[in-house]
Amino acid sequence: MKNSKITWKITQGMYILTTEGGGCIVDAVSQVSGGEQPLIAVAVMKKNFTNELIKRNRTFALSVFGKNGDPQLIKTFGFQSMRDVDKFKNVNTLNVSGVKIIENSLGYMVCEKVDSIENETHTLFIGRVIEGDILNDSEPMSYAYYQEHKNELLKRETTEGKTAWVCTVCGYVYYGDRLPQDYECPICSVDASYFQKRDS
């Protein structure tokens with residue numbers, strides 16, 4: 001492929017996916033049927049702990065992230081693993097149908113898992129919407145907007161005196177004089193070509 005970043009031009013939103021025991025940032029979300037209880041599909045990276053959790057749980061939720069949402073939520077749910085840290089510790093949530101919803105969101109959809117499809121890197125979970133509401137009628141953040149403004153949204157600070165390599169997709173920081181050619185981002189799995197060197 002001449003430039004895999006073409007996928008950044010796909011129009012899609014930013015969401016915080018939650019389930020019992022964890023949550024993460026996702027962007028690959030689609031409505032796949034209509035009616036009173038439509039089906040929603042969400043792709044979750046296999047390496048992600050939330051993937052394991054959804055496979056064990058019956059329900060999951062999607063909180064819609066707003067264009068003017070708190071960037072700290074992206075850092076909390078996008079750059080850490082629930083294996084290591086309680087992402088909900090300093091986040092205001094609502095409990096809806098047994099699932100934590102992000103209070104500072106535009107709204108939510110609680111889904112009952114009905115199917116899943118595996119591919120090489122992700123699991124596509126399909127859920128039926130059993131509850132949903134609009135909390136704030138502001139403009140949702142698109143994936144394209146996130147990519148265009150992520151430097152100002154994330155403002156990743158690096159340690160003084162150390163050479164930092166910053167992932168241009170998710171903002172993860174690797175420290176070292178050289179970035180291994182076969183390095184893969186532990187958060188979003190992109191290869192070394194997506195990292196930019198930042199000298200402090």
Side-chain angles (χ1 to χ4, degrees), residues 1-18 22-29 42-53 62-91 102 104-106 119-123 138-200:
M1 185 182 303
K2 290 179 180 176
N3 191 340
S4 61
K5 294 177 184 177
I6 184 60
T7 58
W8 295 2
K9 301 298 184 184
I10 296 173
T11 302
Q12 51 200 29
M14 297 287 287
Y15 307 85
I16 300 175
L17 170 67
T18 51
C24 66
I25 293 285
V26 294
D27 57 79
V29 174
V42 54
V44 185
M45 192 179 302
K46 287 184 175 181
K47 293 180 181 179
N48 199 308
F49 184 50
T50 306
N51 186 302
E52 297 178 27
L53 294 174
L62 291 158
S63 297
V64 183
F65 197 77
K67 194 171 183 180
N68 297 315
D70 182 1
Q72 188 60 44
L73 287 170
I74 298 177
K75 296 177 185 178
T76 298
F77 285 91
F79 301 155
Q80 305 175 95
S81 173
M82 201 73 173
R83 291 187 184 96
D84 308 315
V85 64
D86 180 1
K87 297 182 182 183
F88 297 108
K89 186 177 181 181
N90 298 309
V91 175
I102 306 304
N104 185 11
S105 67
L106 303 190
N119 65 33
E120 294 88 346
T121 59
H122 289 66
T123 304
S138 301
E139 186 178 355
M141 180 181 289
S142 70
Y143 183 63
Y145 179 90
Y146 166 73
Q147 286 297 339
E148 187 176 343
H149 297 89
K150 66 174 176 269
N151 287 339
E152 59 197 79
L153 287 168
L154 304 179
K155 295 178 182 174
R156 299 296 285 174
E157 298 294 331
T158 57
T159 303
E160 189 175 348
K162 290 188 176 181
T163 301
W165 301 82
V166 182
C167 177
T168 59
V169 175
C170 74
Y172 178 80
V173 179
Y174 171 90
Y175 289 103
D177 291 334
R178 292 187 178 182
L179 184 71
Q181 287 188 340
D182 61 350
Y183 188 74
E184 195 174 88
C185 179
I187 301 297
C188 66
S189 294
V190 295
D191 63 41
S193 67
Y194 286 84
F195 280 75
Q196 289 182 349
K197 185 178 180 181
R198 185 184 298 173
D199 293 310
S200 57

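Under the rule for a side chain to side chain donor-acceptor pair (under 3.5 Å), Arg178 has no partner lying at least two apart in sequence or in another chain. Evaluation of the side-chain contact (heavy atoms from CB on, under 4.5 Å) rule for Asn51 yields Val44, Lys46, Lys55, Thr123, Phe125 as partners, not counting sequence neighbours. Legend: residues meeting side-chain contact (heavy atoms from CB on, under 4.5 Å) with Ser105, ordered by chain and number and at least two apart, are Ser63, Ile102, Leu135. With sequence neighbours excluded, no residue forms a ring pair (Phe, Tyr, Trp, His ring centres under 6.0 Å) with Phe65. Contacts of Gln72 classified as side-chain contact (heavy atoms from CB on, under 4.5 Å), with partners at least two apart in sequence or in another chain: Asp70, Lys75, Thr76. Partners of Ser142 according to the side chain to side chain donor-acceptor pair (under 3.5 Å) rule, which considers only residues two or more places apart in sequence or in another chain, do not exist here. Ser138 meets the side chain to side chain donor-acceptor pair (under 3.5 Å) test with Asn136; sequence neighbours excluded. Partners of Phe49 under the ring pair (Phe, Tyr, Trp, His ring centres under 6.0 Å) rule, at least two apart in sequence or in another chain, do not exist in this structure. By the side-chain contact (heavy atoms from CB on, under 4.5 Å) test, Asn119 pairs with Thr121, His122, sequence neighbours left out. Here Asp191 pairs with Ser193 under the side chain to side chain donor-acceptor pair (under 3.5 Å) rule; sequence neighbours left out.
Looking at every heavy atom in both residues, Asn104 comes nearest to Leu73 through O-CD1, 3.9 Å. Residues Gln12 and Asp27 approach most closely at NE2-OD1, 2.5 Å, considering heavy atoms. Heavy-atom minimum distance, Val173 versus Ala164: CG1-CB, 3.8 Å. Here the shortest heavy-atom pairing between Pro140 and Val64 reads CB-CG1, 4.1 Å.
In this structure, Met141 CE and Met14 CE are separated by 6.5 Å, a value rounded to the nearest 0.5 Å. Atom CZ in Phe195 sits 9.5 Å away from atom OH in Tyr174 (nearest 0.5 Å). Interatomic distance, Lys47 NZ to Cys185 SG, rounded to the nearest 0.5 Å: 9.0 Å. Taking CG of Leu17 as the start and OG1 of Thr50 as the end, the distance is 6.0 Å to the nearest 0.5 Å. Phe77 CZ to Phe88 CZ: the interatomic distance, rounded to the nearest 0.5 Å, is 4.5 Å. Atom-to-atom distance recorded for Met82:CE and Cys24:SG is 11.0 Å, nearest 0.5 angstrom.
Among residues at least two apart or in separate chains, there is no salt bridge (charged side-chain N to carboxylate O under 4.0 Å, His left out) pair with a member in residues 163-177.
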Q: Dump the intermediate steps for side chain to side chain contact (heavy atoms under 4.5 Å, CB included) on Leu62 and Val26, then the final yes or no.
A: CA-CA 9 Å; Leu62 291 158; Val26 294; 3.9 Å; yes
(Q) Applying side chain to side chain contact (heavy atoms under 4.5 Å, CB included) to Lys197 and Thr163, what does each step give before you reach the verdict? (A) CA-CA 7 Å; Lys197 185 178 180 181; Thr163 301; 3.6 Å; yes
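Side-chain contact between Gln196 and Trp165 is absent, with no heavy-atom pair separated by less than 4.5 Å.
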